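Since the structure comes first, as structure tokens, the remarks are kept for the end.
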Amino acid sequence: MTLRFHDSATAAIRDFVPLKEGQVSLYYCGATVQGEPHIGHVRSALAFDQLTRWLQSSGYDVTVVRNVTDIDDKILVKAAENNEPWWGLAYRFEQAFATAYESLGIQKPTYEPRATGHIPEMHALIATLIERGHAYPALDDSGDVYFDVRSWKQYGSLTHQNIDDMQAAPDADPRGKRDPRDFALWKGHKQGDPETARWESPWGAGRPGWHLECSAMVTKYLGTEFDIHGGGLDLRFPHHENEMAQSQAAGHGFANFWMHNGMVTYQGEKMSKSIGNTINPREMLELARPLVVRYYLGQAHYRSVLDYRPGSLTEAAAAVDRIETFAKAALAQLFPGNDFGYIGTRPEAFVRAMDDDLNVPAALGVLHETVRAGNTALAAGEKDALQDAFLAVMGMTDALGINPMDPKWRQGSGSEAELTALDVLIKAQLEARAQARTEKNWAESDRIRELLAAAGVDVADTANGATWSLKK
RNA sequence: GGUGGGGUGGCCGAGAGGCGAGGCAACGGACUGCAAAUCCGUGCACACGGGUUCGAAUCCCGUUCCCACCUCCA
């Protein structure tokens with residue numbers, strides 16, 4: 001089975017063939033840093049993190065670019081309301097996004113360019129569009145420059161819409177536009193706008209319009225033609241439609257595949273800033289540990305709607321615990337010395353599922369079946385079967401970024417040295433308890449278990465002796 | 001009005017003509033000194049009405065309900 005992805009532009013699942021053999025160029029929309037991240041932002045980044053990891057684990061060399069749009073109307077408005085510099089506000093939220101991404105194990109992109117750092121590239125693109133007859137300076141004195149949608153007959157093709165069928169925009173201000181759907185490439189500086197949000201241009205001082213930054217930056221770092229462009233479904237129109245139009249009208253091949261992740265809903269309604277029914281990553285992380293949050297957000301297919309409701313995280317936690325319990329037990333059995341080096345494997349059914357437009361739910365089915373087989377082997381003392389299952393579980397969870405043995409998910413702040421010390425002390429207790437159990441001294445055995453429990457340590461008896469873990 | 005995506009067991013969530021994915025929860029059993037964990041088993045699942053077919057959750061026709069986008073959105 002070959003690797004296939006759903007492409008929004010053709011509305012079909014197509015075989016994925018990269019433009020350059022062995023290499024993949026991926027651009028996905030990051031945030032317009034005008035507020036705290038909510039779960040929807042994180043889900044999107046996670047979806048493209050899953051994609052990146054799968055491409056990497058399939059042997060591709062992946063270059064990932066994710067933008068930070070650090071200048072736009074809302075940023076300016078909010079900063080003015082807060083009485084703080086717009087660039088300070090943007091940077092503050094940029095860091096909040098970085099923290100949220102990092103806590104969930106989302107790999108850093110190869111590069112993360114900011115819109116404000118690419119004004120010259122935007123000017124070059126505007127100039128090309130004007131030259132080719134697809135953009136024009138506003139017909140009034142605003143200093144705006146607009147993209148001329150009527151001049152580009154493919155306009156609407158990404159979302160399969162016809163300009164004339166679109167609901168008439170109740171655009172309050174059609175000033176200087178040839179068509180109300182024309183969108184701003186450049187916004188002339190207005191009185192009252194901060195001086196720090198003002199850049200000189202051949203069409204007058206001003207700042208970039210939304211959409212333009214992505215076209216300019218993707219071209220700079222990935223070229224005029226690249227493999228995959230991603231983002232949330234709600235960005236398809238107008239953002240991606242406009243991006244595609246302005247880039248292709250400039251003569252660029254642009255994205256070969258368009259991939260869009262589904263929305264996160266809160267009990268059936270889309271989470272959105274305007275409605276206010278959002279959940280912070282921070283709030284979720286108070287309800288569950290990071291690995292569980294990652295598992296939860298990543299367990300549905302990336303194109304499906306993910307509906308959050310209270311209890312979702314508890315269920316995910318149970319599933320994660322099951323995988324983790326097996327991994328720990330298998331590890332203790334296979335590599336008692338605690339130092340292990342392994343090369344994870346990827347079962348064929350798992351690869352088939354992931355290759356098929358990243359069918360993570362089906363892939364998780366394979367993972368759980370492997371865990372069950374592993375538990376059976378563990379109970380039966382079949383070491384070869386156990387090792388096969390263990391290596392497969394490691395390989396699959398690594399590919400998905402949810403390996404519970406990965407040190408990055410380790411709870412608390414305990415250092416390696418502290419954990420080793422703790423292990424020695426607890427093992428001494430467990431040895432005393434084992435002695436008591438041989439003597440059928442259940443009172444003493446239970447006393448030790450309760451002592452450890454009171455200290456936050458869970459004890460579990462297995463065929464090969466007792467093991468311990470910190471309570472969750 | 002236009003464009004797209006949906007309705008699957010108590011819940012989540014894949015599948016897309018034929019052995020009931022998987023997880024969570026529930027119940028029964030096995031194992032265990034007791035726990036925990038684990039394993040095995042149980043459940044008339046496919047919005048509704050027709051049709052095609054030896055066979056339909058899956059294909060066709062009709063109905064219905066929900067969601068997203070149509071210039072703030074991940």
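For the numbers below, each heavy atom of this structure counts, side chains included, while hydrogens, waters and symmetry mates do not. In what follows, every chain begins at residue 1, and chains take the letters A, B, ... in the order their sequences are listed. Computed from a predicted structure; not experimentally measured.
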Close approaches to RNA chain B from residues 155-164 of chain A, in residue order (heavy atom, under 4.0 Å) = A:Tyr155, A:Thr159, A:His160, A:Gln161
Which part of the nucleic acid does A:Glu369 contact within heavy-atom distance under 4.0 Å: base, sugar-phosphate only, or nothing?
-> sugar-phosphate
Gap in Å between the two C1' atoms, one belonging to B:G22 and one to B:A30, rounded = 23 Å
Verify the neighbour count for atom CZ of A:Arg92: are there more than 12 heavy atoms of other residues, nucleotides or ligands below 6.0 Å?
-> yes
Rounded distance in Å between the P positions of B:C65 and B:U52 = 27 Å
Per nearest nucleotide of RNA chain B, the residue lying toward the 5' end, A:Ala11 or A:His368, is A:Ala11
Using the ring of each side chain (for Trp, its six-membered ring), is A:Phe183 parallel, tilted or perpendicular to A:Phe147, with breaks at 30° and 60°?
-> parallel
For atom P, what is the distance between B:G1 and B:C48, given to the nearest Å?
-> 27 Å
Any chance the rings of A:Trp54 and A:Phe350 have centres within less than 6.0 Å?
-> yes
Is the A:Phe254 to A:Phe226 ring centre distance short of 6.0 Å?
-> yes
Sugar-phosphate only, base, or nothing, as touched by A:Arg303 at under 4.0 Å among non-hydrogen atoms = nothing
Answer with base, sugar-phosphate or nothing: what part of the nucleic acid does A:Val360 contact at a heavy-atom distance below 4.0 Å?
-> nothing
Side-chain contact check for A:Arg449: nearest option of B:C69, B:C12, B:C34 is B:C34
Using the C1' atom as the reference point in each nucleotide, state the distance between B:C60 and B:U53 in Å, no decimals.
-> 12 Å
If the P atom of B:G50 is compared with that of B:U58, how far apart are they to the nearest Å?
-> 14 Å
If we take the C1' atom in both B:G17 and B:C54, what is their distance in whole Å?
-> 12 Å
Kindly write out the residues that satisfy salt bridge (charged side-chain N to carboxylate O under 4.0 Å, His left out) with A:Arg322, not counting sequence neighbours, or none if the list is empty.
-> none
Contact class for A:Asp446 (heavy atom, under 4.0 Å): base, sugar-phosphate, or nothing?
-> base
Indicate, yes or no, whether a donor-acceptor pair under 3.5 Å links the base of B:G33 to the side chain of A:Ser445.
-> yes
C1' atom, B:C69 versus B:A16: distance in rounded Å?
-> 26 Å
Using a heavy-atom cut-off of under 4.0 Å over every strand shown, decide if A:Asn375 touches base, sugar-phosphate, or nothing.
-> sugar-phosphate
Whether A:Phe237 and A:Tyr155 hold their rings parallel, tilted or perpendicular, with breakpoints at 30° and 60° | perpendicular
Atom P, compared across B:G43 and B:G6: separation rounded to whole Å | 30 Å
Where does the angle between the aromatic ring planes of A:His260 and A:Trp258 fall among parallel (under 30°), tilted (30 to 60°) and perpendicular (over 60°)?
-> parallel
